[in-house]
Colleague: 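Please find one structure pasted underneath; my questions will follow.
Excluded from the calculations below are hydrogen atoms, water molecules and symmetry mates; all remaining heavy atoms, backbone and side chain alike, are included.
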Amino acid sequence: MSTRQLPPRSSHASGEVPRPPRSPLAASVLVVAFIAGFLLFAALGAWQVQRLGWKHDLVARVDARIHAPAEPAPDAAAWAASTPKDQEYRHVVLHGAWLPGKDTRVQAVTEAGAGRWLLRPLRREDGSVVLVNLGFVPEDWPLPEPPSGRAAVTGLLRLSEPGGGFLRQNVPAAERWYSRDVEAIALHRGLAPAAPWFVDADAASATQAGTPWPRGGLTVVRFRDNHLGYALTWFALALLVAGGGWRFAVEERRIRRRWRQHTESTDAPGTSAGPRHR
């Protein structure tokens with residue numbers, strides 16, 4: 001007994017009706033959405049690449065400032081003629097006299113452990129006051145009076161840290177300080193006129209402050225640099241959207257071709273869109 005292989009049945013022979021294509025409006029909206037999504041994610045990726053270059057330039061500039069020879073700290077006129085970002089992390093030198101009885105302890109967590117930053121005001125020769133972070137001291141460490149006479153301090157110029165720490169506000173009346181808020185400390189201590197910045201003293205300057213403990217030179221210069229990862233993420237999303245758009249275009253083309261074949265077969269002579277009844 002012989003068998004004969006039958007050709008596969010088409011969807012028309014089996015009575016199946018293919019899915020109709022999307023309306024021109026719906027297809028256009030989806031096409032615009034795919035294009036907009038691709039352009040958006042690609043633009044975000046390009047922006048992160050630009051940010052990556054900017055961050056590397058910033059790190060290079062800051063590194064050059066840190067390792068440059070110490071220069072005189074800016075006076076009020078020089079500060080007003082520049083921007084804070086142009087002055088931050090400059091290697092500076094100060095000359096003046098320590099102001100006794102005006103020390104401030106600020107909460108600190110360093111490689112030496114938990115303790116306090118010791119901030120001491122220095123009266124410069126022009127009459128202005130600069131807060132100097134002498135470095136890290138343990139909790140409740142007794143502070144001797146600062147030495148009298150002329151003092152010299154070298155270190156890094158830092159910008160004020162207003163407000164307080166994470167989820168903690170400074171409370172000057174209770175001597176609870178969680179950030180090096182120059183304006184608040186100067187107001188609480190009656191220091192005027194005070195510079196709107198402070199100086200992180202280096203290790204040598206801290207040992208010359210008349211107190212044996214402050215450990216200076218603990219400034220941590222670290223910038224978050226996640227821009228490359230962000231850029232790759234945005235570009236990957238752009239590729240996913242592009243792949244989805246390509247898949248949509250292929251599938252929509254296939255649906256339209258099947259629908260056109262279906263309509264042509266049903267409109268042909270001798271065919272009917274529905275089953276015949278006797």
Side-chain angles (χ1 to χ4, degrees), residues 55 58-96 98-99 102-112 115-124 126 128-137 146 151-166 168-170 172 177-189 191-209 211 214-225:
K55 181 61 67 67
L58 173 64
V59 172
R61 285 188 285 112
V62 169
D63 187 70
R65 294 177 192 173
I66 291 174
H67 296 95
E71 299 178 348
D75 56 16
W79 180 263
S82 63
T83 63
K85 292 298 182 182
D86 292 334
Q87 298 285 351
E88 189 177 19
Y89 293 111
R90 280 187 55 204
H91 192 196
V92 298
V93 59
L94 294 168
H95 297 280
W98 299 111
L99 297 180
K102 303 290 186 178
D103 293 343
T104 302
R105 297 170 183 258
V106 179
Q107 187 180 53
V109 178
T110 70
E111 61 185 28
R116 301 284 173 173
W117 296 121
L118 174 59
L119 270 64
R120 177 169 290 172
L122 182 78
R123 177 79 68 182
R124 302 174 73 184
D126 63 359
S128 63
V129 178
V130 174
L131 285 177
V132 177
N133 177 23
L134 291 174
F136 175 84
V137 297
V153 177
T154 57
L156 300 180
L157 188 151
R158 301 292 308 279
L159 302 182
S160 180
E161 302 167 347
F166 180 68
R168 290 184 175 183
Q169 293 294 319
N170 294 324
W177 299 96
Y178 303 104
S179 71
R180 291 165 291 191
D181 188 337
V182 173
E183 182 179 359
I185 294 174
L187 180 63
H188 183 65
R189 299 292 182 215
L191 304 173
W197 41 269
F198 66 95
V199 171
D200 271 347
D202 56 23
S205 298
T207 58
Q208 296 173 8
T211 55
R215 185 179 299 179
L218 296 180
T219 305
V220 177
V221 183
R222 184 183 299 119
F223 298 95
R224 295 182 59 185
D225 190 3

Colleague: Are the side chain of Glu161 and the backbone of Arg180 linked by a donor-acceptor contact shorter than 3.5 Å?
Modeller: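 Judged by distance alone, yes, a pair lies under 3.5 Å.
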Colleague: Would you say the side-chain atoms of Asn170 pair up with the backbone N or O of Trp177, donor to acceptor, closer than 3.5 Å?
Modeller: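 No, because the side chain of Asn170 does not come within donor-acceptor range (under 3.5 Å) of the backbone of Trp177.
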Colleague: Of all residues at least two apart in sequence or in a different chain, which pass the side-chain contact (heavy atoms from CB on, under 4.5 Å) check with Arg124?
Modeller: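 Arg124: side-chain contact (heavy atoms from CB on, under 4.5 Å) contacts with Ala73, Leu94, Asp126, Ser128, Val130, Trp197.
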Colleague: Counting C-beta onward and ignoring hydrogens, is there a side-chain heavy-atom pair between Leu119 and Ile185 closer than 4.5 Å?
Modeller: yes
Colleague: Compare every heavy atom of Leu157 with every heavy atom of Pro74, then report the nearest pair and how far apart it is.
Modeller: CD-CD1, 3.7 Å
Colleague: Taking atom CD of Gln107 and atom OH of Tyr178, what is their separation to the nearest 0.5 Å?
Modeller: 6.5 Å
Colleague: Taking the side chain as every heavy atom from C-beta outward, state whether Ile66 and Leu156 have any atom pair closer than 4.5 Å.
Modeller: yes
Colleague: If you look at every heavy atom in Ser179 and Gly165, which pair is closest and at what distance?
Modeller: CB-N, 4.3 Å
Colleague: Give the minimum heavy-atom separation between Leu122 and Gly96, together with the two atoms involved.
Modeller: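 Scanning both residues, the minimum pair turns out to be CD1-C, 3.7 Å.
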Colleague: Heavy atoms, side chains only, cut-off 4.5 Å: are Val106 and Arg116 in contact?
Modeller: no
Colleague: Is Leu159 close to Pro84 at the side-chain level, that is, under 4.5 Å between some pair of heavy atoms?
Modeller: yes
Colleague: Locate the shortest heavy-atom distance separating Ser82 from Ala78; write the atom from each residue and the value.
Modeller: OG-O, 3.2 Å
Colleague: If I take atom CZ from residue Arg215 and atom CG from residue Leu118, how far apart are they, to the nearest 0.5 angstrom?
Modeller: 14.0 Å
Colleague: Please report the closest heavy-atom contact between Val182 and Ala195, naming both atoms and the distance.
Modeller: CG1-O, 3.1 Å
Colleague: Do Thr104 and Arg189 come within less than 4.5 Å of each other through their side chains, counting heavy atoms only?
Modeller: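 Yes; the side chains approach each other to less than 4.5 Å.
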Colleague: Would you say His188's side chain and Pro172's backbone share a donor-acceptor pair under 3.5 angstrom?
Modeller: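 Indeed, once roles are kept as given, a pair shorter than 3.5 Å links the two residues.
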Colleague: Check side-chain hydrogen bond (donor to acceptor under 3.5 Å, both in side chains) between Asn133 and all other residues, then give those that pass, not counting sequence neighbours.
Modeller: Asp200
Colleague: For Leu187, give me all partners under side-chain contact (heavy atoms from CB on, under 4.5 Å), at least two apart in sequence or on another chain.
Modeller: none
Colleague: Under the rule for side-chain contact (heavy atoms from CB on, under 4.5 Å), what residues qualify as partners of Thr110, not counting sequence neighbours?
Modeller: Ala108, Ala112, Trp117, Phe136, Leu218
Colleague: Quick one: list whatever passes side-chain contact (heavy atoms from CB on, under 4.5 Å) with His95, sequence neighbours left out.
Modeller: Val93, Glu125, Arg150, Ala152
Colleague: Between Leu191 and Lys102, is any pair of side-chain heavy atoms under 4.5 Å apart?
Modeller: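 Sidechains of Lys102 and Leu191: in contact.
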Colleague: Please enumerate all residues that pass side-chain hydrogen bond (donor to acceptor under 3.5 Å, both in side chains) together with Arg90, with sequence neighbours excluded.
Modeller: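 Here the qualifying residues are Glu71, Gln87.
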Colleague: Assess whether side-chain contact (heavy atoms from CB on, under 4.5 Å) is satisfied between Trp98 and Val132, documenting all intermediate values.
Modeller: CA-CA 10 Å; Trp98 299 111; Val132 177; 4.0 Å; yes
Colleague: Does any non-hydrogen side-chain atom of Pro121 lie less than 4.5 Å from one of Asp103?
Modeller: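 A side-chain contact under 4.5 Å exists here.
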Colleague: Can you find a pair of side-chain heavy atoms, one from Arg120 and one from Leu134, that are under 4.5 Å apart?
Modeller: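 Result yes, sub-4.5 Å side-chain heavy-atom pair found.
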